[in-house]
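First comes the structure, then the notes that go with it.
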Amino acid sequence: RSWGPTVAAVPGFCLALVPSPFFATMTVLEDTGLNVVDDRMAVMAIQLVSLDEASGEQKRRAMEFAEAVSVSFSYKNLARVDYLAPFRDLTKLQLDNNNLTKIEGLDHLTHLKWLDLSFNKLAKIEGLTSLTKLEDLSLYHNAIVTIEGLEGCVDTLVSLSLGENQITDLSSFEPLRALAKLRLANFVGNPVCDEEDYAPFLLSRTCDLRYLDHRIVRQHMVDKAKDQYADDLSEIANKEEEIKQTKRKAASKKSKDETASAQNVRGVAELFDDMTFLDPEFEKLRKLPHEKDGGTLVKGLPVFREATERLVEEFTKQMEKQRGRKAEETREWRGVLDGALRERNEKARGLVKKLDTTVKHAFRALELNDPNHGNEILGNEQHIGADPVNVRLENALHAKRIKQVLREAKTAARSERRRETKNESARDDSDARGFVFSGVNDASKTRVGHDVEESDASDEDGDTEFDSDSDTTHDDESDVSHPGSPGAHGNGSDGSDSEVDVYESVGRWLRLRNDSTKEKLFAIEMHCADFTSDLIFEYDRSYSDICDKSRALITTLFTEMRALEDAYFAEMAEASTKMLELFSTGRLDDVCDEDAAVILGDKDTFMNAVRAHHDFHVNAIDQKEDLLVTEERRRLEATMRDLNVWERERNRGRVGEITGLWERTKLSIDEFCGEEESDDDEEEENRL
């Protein structure tokens, strides 16, 4: 903590003291000029507690930046800090004894509690708004003139060190009153400390300060300071109370506006006042026939207001129920959709897991079957279990895996060879007779697909993944041909076991399984897309019904308000006619002032003002109705548009995942079993 110049700033050294017997690792960097934080410096700045330098260095380099909670860039001659983005969870940051001129780059350090910026060249407190958990801040020995920029940590800051700065005015301490948890403060070395009233003024502006400038604050000192500035404090308290009330009113209005906006009734409660007091004719009409005796024309206004308020209150309740129905409909729909997607996603994950397990077991079986590696692998695994019985069981399981994988691979290979033979026969017959049997390829593909489905069906139960039928042991063992052994690569086409290349057969079989899995995943996704589209259609229908009900409520409200306005205008028109009669006979001469006489003296102008008053009300009602109806329709369209966009993105992402899985699996098979020959390569080989 930089409470004073207790340690000389020695360039090139950073010393951190921790309790014995542990020592924090110490990093020494040579200063060759102004620096910026780079990758190497960031690694070296991570603070760890270790028994020795070697282990601390190893831990530091193995640690991710995001895992660090304390870093020190002390004495690094930094000109700016712009490499702290990876440090997301820091609670302690030391940037003291550098050449920083501006506080920046700290917005993402929302967990920071301890910040040391002492011995720099800072002139302003800034860039700390997002540090809402900051408890300890040291800005000792800078060039700061004003205390500001601490709004983000007013509820958390406990310790503040601003000694050896350029604070000259006592009014600079006014912001300290907002720091409710401030207990330790240091301002030693500022010009303002020479003021006679420095300590009393500062103590009167703080809430519960315990230490000031390295000294304990006594209660009698605080009481004396507050008595000295009692008048100022009373005035400040009144202003603060006014500010609090203003904030509470603003918060209450904001909450009401948000609720009204969610209900789609915003502005309805204020409509009557708006259409009355914003009317330019209202001020003239409400004073007739005289300023003191006015109100004759608008005497029906209170009745109009009371009836309107009852309508608005009932309308607001109904719209709140509509909002609840919308939320409930959305929750139910989302629950059905999530449940359906979850079920199909589980099925898809099962297929992916099954394919992954099949590929791994196939690769493992090939390794165990390989004479160059199989004995070595088995030998290594025999050391795992100490019990010979377990070793024998493990070896038997390996043998079963080999037999099962190779048996299924060779079955697929034979099916493929039969398909190729049939295709060649069909082509020969086609060339000889001049026509093509179009059903051959489809039949052969169906047979291969059937073989794959039979192979998939054999693994459906999961627990019986590999056959243990002892009757097939001899045949399986006779079928196995190691790569490089005689008969592993035959050129005949009769499909005999000796001509089956193990790696090629397994590769073909795995590719068929990969293709089959892809098609099944696409089928599941197609079902999800269809199901989701149907649900969105049903949701659109149900949600639209609710919105139609809301629009009907809006229309009903404003229809009734127009009826009230018509009744109010009819009464006003009758009063206007009577007033004109009284004025024309001279019975209002004693009560009419000059302005009223001018208005009533021109009958057309007067009646036009009455009509304009009515038209203003009607226009206000119509505009508010159009606004609410349009907003209801817009929200419905936006909701459905967002759902359709979400579904397209979901479907596009799932298709990409399936394609990516298929490509990655195919690449793994090609790397392990060899790439599959294309039709062009096979034709070229046959030609040669």
Side-chain angles (χ1 to χ4, degrees), residues 107 110 124-135 137 139 144-160 162 167-185 187 190 192 195-210 212 217 219-263 265-278 282-283 305 309 312-313 316:
D107 292 340
T110 55
K124 184 179 180 180
I125 305 176
E126 57 184 341
L128 305 177
T129 306
S130 62
L131 306 186
T132 56
K133 297 181 180 180
L134 192 63
E135 299 177 0
L137 175 62
L139 292 161
I144 296 170
V145 178
T146 303
I147 301 176
E148 58 184 343
L150 300 177
E151 295 79 10
C153 53
V154 291
D155 297 325
T156 58
L157 194 64
V158 176
S159 173
L160 176 64
L162 276 166
I167 301 174
T168 59
D169 192 357
L170 288 174
S171 62
S172 299
F173 295 123
E174 293 289 355
L176 297 179
R177 186 174 176 85
L179 303 178
K181 291 188 176 181
L182 187 65
R183 300 295 180 265
L184 301 90
F187 301 100
N190 285 278
V192 72
E195 295 282 344
E196 181 179 357
D197 293 334
Y198 156 69
F201 186 91
L202 193 150
L203 292 176
S204 68
R205 265 55 178 182
T206 55
C207 297
D208 192 13
L209 198 65
R210 306 290 178 83
L212 174 61
V217 175
Q219 186 60 41
H220 69 87
M221 300 169 58
V222 177
D223 295 340
K224 183 178 179 181
K226 291 186 176 181
D227 289 341
Q228 181 178 346
Y229 292 95
D231 294 339
D232 293 344
L233 293 178
S234 177
E235 183 178 353
I236 292 173
N238 292 334
K239 290 181 179 180
E240 290 177 348
E241 183 61 28
E242 292 178 1
I243 294 174
K244 289 180 180 179
Q245 290 181 359
T246 302
K247 289 182 177 179
R248 283 195 293 267
K249 290 180 180 179
S252 176
K253 185 178 184 304
K254 182 180 178 182
S255 177
K256 290 180 179 179
D257 289 344
E258 290 176 351
T259 302
S261 179
Q263 297 170 340
V265 298
R266 190 168 187 175
V268 175
E270 298 81 14
L271 177 60
F272 189 89
D273 290 337
D274 291 343
M275 69 182 187
T276 300
F277 297 110
L278 296 180
F282 178 72
E283 283 298 317
R305 175 189 290 275
E309 289 177 350
V312 170
E313 182 180 1
T316 303

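Because the structure is predicted, anything quoted here is derived from the model rather than measured. Values below: every heavy atom of this structure, side chains too, minus hydrogens, waters and symmetry copies. In this chain, residues are counted from 1 in sequence order.
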Main-chain N/O of [Y] paired to [X] side chain as donor or acceptor, under 3.5 Å:
{"X": "S234", "Y": "D231", "answer": "no"}
{"X": "T206", "Y": "L203", "answer": "yes"}
{"X": "T246", "Y": "E242", "answer": "yes"}
{"X": "T156", "Y": "E135", "answer": "no"}
{"X": "S255", "Y": "A251", "answer": "no"}
{"X": "N190", "Y": "I167", "answer": "yes"}

Please state whether the rings of F173 and F187 are parallel, tilted or perpendicular, taking 30° and 60° as the class boundaries. perpendicular
On a heavy-atom basis, which atom in [X] and which in [Y] lie closest, and how many Å separate them?
{"X": "V154", "Y": "L150", "result": "CG1-O, 3.2 Å"}
{"X": "G127", "Y": "D107", "result": "O-OD1, 3.9 Å"}
{"X": "Q228", "Y": "P200", "result": "OE1-CB, 3.5 Å"}
{"X": "I144", "Y": "K124", "result": "CG1-N, 4.2 Å"}
{"X": "L209", "Y": "L184", "result": "CD1-N, 3.9 Å"}
{"X": "C153", "Y": "L131", "result": "CB-O, 3.6 Å"}

Atom pair [atom1]/[atom2] of [X] and [Y] - distance to nearest 0.5 Å:
{"X": "K253", "Y": "E258", "atom1": "NZ", "atom2": "CD", "value": "11.0 Å"}
{"X": "L202", "Y": "S172", "atom1": "CG", "atom2": "OG", "value": "10.5 Å"}
{"X": "R266", "Y": "D257", "atom1": "CZ", "atom2": "CG", "value": "4.5 Å"}
{"X": "D169", "Y": "E174", "atom1": "CG", "atom2": "CD", "value": "9.5 Å"}
{"X": "K181", "Y": "L157", "atom1": "NZ", "atom2": "CG", "value": "11.0 Å"}
{"X": "N238", "Y": "I243", "atom1": "CG", "atom2": "CD1", "value": "11.0 Å"}

Should [X] and [Y] count as side-chain neighbours, where that means a heavy-atom distance under 4.5 Å?
{"X": "E151", "Y": "L128", "value": "no"}
{"X": "S252", "Y": "R248", "value": "no"}
{"X": "F201", "Y": "D232", "value": "no"}

Tell me, with the steps shown, if R205 and L170 meet side-chain contact (heavy atoms from CB on, under 4.5 Å). CA-CA 10 Å; R205 265 55 178 182; L170 288 174; over 6 Å; no
Got a salt bridge between K247 and E240, using NZ or NE/NH1/NH2 to carboxylate O under 4.0 Å? no
CD/E196: more than 12 non-hydrogen atoms of other groups inside 6.0 Å: no
V222/V217 under side-chain contact (heavy atoms from CB on, under 4.5 Å): CA gap, chis, key distance, verdict: CA-CA 8 Å; V222 177; V217 175; 3.6 Å; yes
Check against side-chain contact (heavy atoms from CB on, under 4.5 Å), I236 and Y229: CA-CA 10 Å; I236 292 173; Y229 292 95; over 6 Å; no
